[in-house]
Undergrad: 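Got a structure for you, questions after.
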Amino acid sequence: MTERHNAKAFRMRMREWLAANVPAPSTATGDAAVQRSKAFAKLVFDAGYAGIDVPKKYGGQGLSPVEQQIWREETSQLPVPLAIYDIGLGMCCPIILALGTEEQRERYIRPLIEGSEIWCQLFSEPAAGSDVASLRTRATIDGDTYVINGQKVWTTGAQFCDFGILLARTNPDVPKHRGITMFIVDMKAPGVTVRPLRDMAGGTHFNEVFFDDVRVPVGNVVGEADKGWDAARLLLSFERLAVSGGGSGVEGATSGPLSFRGLTAAARQAGTLVHSATQEGLLDLFLLEHGINTFNQRLTRESAAGIDPGARGSIGKLLKGRREVLAGTLTSRLIGPEAVFDTASAPSRTTATLRSFALPIGGGTNEIQLSIVGERVLGLPREPQADLEIPFRQLDARRRGV
Ligand SMILES: Cc1cc2nc3c(=O)[nH]c(=O)nc-3n(C[C@H](O)[C@H](O)[C@H](O)COP(=O)(O)OP(=O)(O)OC[C@H]3O[C@@H](n4cnc5c(N)ncnc54)[C@H](O)[C@@H]3O)c2cc1C
């Protein structure tokens, strides 16, 4: 059988399995939603669809990125309750596979793809978002442990997480991009405090996380000490690929209230499908959806052939962000105020509309993606940066006016 036929048969089998096993959409939140996700993740694992392109020795299926992409495409059309694993699967798993020690891979990968352990990303801080290399969280060595002190913010899902990938400063006497280290942190360790932040959709999607003398074993360093910036850039490139490839939540997928299909149905119902402005907007949405899909398929084929996508995930992330904003704006235009106020009869649409403005910020803003595409994909001149050679301690003191 040819490779194409194999992929087709794989897709058909998966489609059948999903049709029989994906639960009906639910309005569960908090711990109930987490338990529901865990139960479904276990089903996925037992059926052999978890960690599709992860090596078998770590519990995966040992297949190629092509089969992994088929999973993404098929699940993007269904209300699959796996969004809580997006960060673990899209960023933490690939970074541990790429830079982790054998011990780390053996300890963490299997429970991660099985869904029994949930992960978060601890990069952003109150004064370090786009410029994450300005982070102030410190890690000081004490025997065979590091002691972490500082604060992170906007940490998605932290209140439900078992582990996080954290960036901390291990040497403040060198310029800001050097002297950073990446760690695996136990989110239940003494000294970790998670405070949920209420967002405008009414949920607690993200959190503030405080670290007070949190002890992390030396063996939890990912990659090399003080070389965390290289690790962070690699993780961010995984993040952009994962985001543009489509997560597993209801929002932003090719079905759901903000998809081309969902919005066309809403326009038909509202009687606005006949208006040329509506048609134009829907056409733009359709083109963006297909453009993103085609682009992802190309990156997947290249990746299966051993061609590194480099910074090109930023193109997909940028397009996906634009798609979300367009979809959110169109929804408001088509449906009016009910797009954001109808929490009783259309809770998923309300949440999706309000959250449509988050994607162009989370995972790096549109402006940052544009700079990355300009500099690292198109080879345009780099943005001037005056602080590249100044030791962080000096830079930070200057910023705080001391
Ligand atoms: C839904 C959501 C989930 C998130 N989840 C996580 C998470 O799990 N973990 C985590 O670590 N972080 C997370 N974040 C944080 C996110 O990564 C940051 O919000 C983002 O990087 C922007 O940082 P900032 O909010 O500090 O904005 P700033 O960096 O202060 O930016 C403010 C504005 O200035 C612009 N700007 C800044 N620098 C430049 C530049 N050099 N050139 C051009 N324009 C510039 C930005 O584009 C933006 O418009 C999440 C954010 C959102 C919205």
Side-chain angles (χ1 to χ4, degrees), residues 83-92 95 118-137 150-168 176-177 180 182-183 185 187 192 194-211 228-229 231-233 235-240 242-243 247 249-252 313-314 317-318 320-322 324-325 328 351-376 380-388 399:
I84 190 112
Y85 300 108
D86 282 353
I87 289 176
L89 295 173
M91 307 168 213
C92 306
I95 199 73
I118 305 174
W119 286 64
C120 59
Q121 176 200 23
L122 299 149
F123 280 23
S124 303
E125 297 185 5
S130 300
D131 182 16
V132 73
S134 287
L135 59 91
R136 286 186 181 139
T137 295
Q151 184 201 338
K152 297 288 171 178
V153 72
W154 315 128
T155 316
T156 301
Q159 69 271 52
F160 306 117
C161 283
D162 301 283
F163 295 98
I165 291 277
L166 170 115
L167 292 181
K176 65 179 181 179
H177 293 98
I180 290 174
M182 182 181 277
F183 297 92
V185 177
M187 294 297 286
V192 178
V194 177
R195 285 197 202 144
L197 292 164
R198 183 78 49 195
D199 60 43
M200 70 172 170
T204 46
H205 176 90
F206 38 42
N207 302 267
E208 292 179 297
V209 184
F210 298 87
F211 295 88
W229 185 244
R233 277 183 51 162
L235 185 143
L236 289 170
S237 72
F238 293 142
E239 174 170 17
R240 281 144 200 174
V243 172
V250 179
E251 306 96 348
S314 285
K317 160 80 171 70
L318 188 60
K320 193 92 182 274
R322 287 185 173 168
E324 290 289 294
V325 172
T351 305
T353 309
L354 289 170
R355 293 232 170 107
S356 64
F357 300 94
L359 197 73
I361 303 172
T365 65
N366 278 5
E367 291 75 20
I368 296 302
Q369 306 309 321
L370 278 172
S371 292
I372 293 172
V373 173
E375 293 171 11
R376 294 191 225 149
L380 300 177
R382 290 188 72 84
E383 249 188 70
Q385 272 185 286
D387 56 4
L388 280 185
R399 276 198 192 127

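All ligand and atom numbering here is 1-based and tracks the order in the structure.
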Undergrad: Determine whether any protein heavy atom is located less than 4.0 Å from atom 1 (C) of ligand 1.
TA: yes
Undergrad: Would you say Ser130 and ligand 1 have an N/O pair spaced under 3.5 Å apart?
TA: yes
Undergrad: Protein heavy atoms near atom 6 (C) of ligand 1, is at least one of them under 4.0 angstrom away?
TA: yes
Undergrad: So which bit of Val132 gets within less than 4.0 Å of ligand 1, heavy atoms only: side chain, backbone, both or neither?
TA: neither
Undergrad: Which part of Ile87 is near ligand 1, with near meaning a heavy atom under 4.0 Å away: side chain, backbone, both or neither?
TA: side chain
Undergrad: So with a 6.0 Å cut-off around CZ of Arg233, is the heavy-atom count from everything else above 12?
TA: no
Undergrad: Looking only at atom types and distance, does a side-chain atom of Gln159 sit under 3.5 Å from a main-chain N or O of Thr204, one as donor and one as acceptor?
TA: yes
Undergrad: Can you find a side-chain donor-acceptor pair between Gln369 and Ser314 that sits under 3.5 Å?
TA: yes
Undergrad: Is the closest heavy-atom distance from Pro126 to ligand 1 below 4.0 Å?
TA: no
Undergrad: Got an N/O contact under 3.5 Å between Glu367 and ligand 1?
TA: yes
Undergrad: Indicate whether atom 49 (O) of ligand 1 is within a distance of less than 4.0 angstrom of some protein heavy atom.
TA: yes
Undergrad: Is a salt bridge present between Arg399 and Asp131, judged by a nitrogen-to-oxygen distance below 4.0 Å?
TA: yes
Undergrad: Please classify the Lys152 to ligand 1 contact at 4.0 Å (heavy-atom distances, strictly less than): side chain, backbone, both or neither.
TA: neither
Undergrad: At under 4.0 Å between heavy atoms, is it the side chain or the backbone of Ile361 that contacts ligand 1, or both, or neither?
TA: both
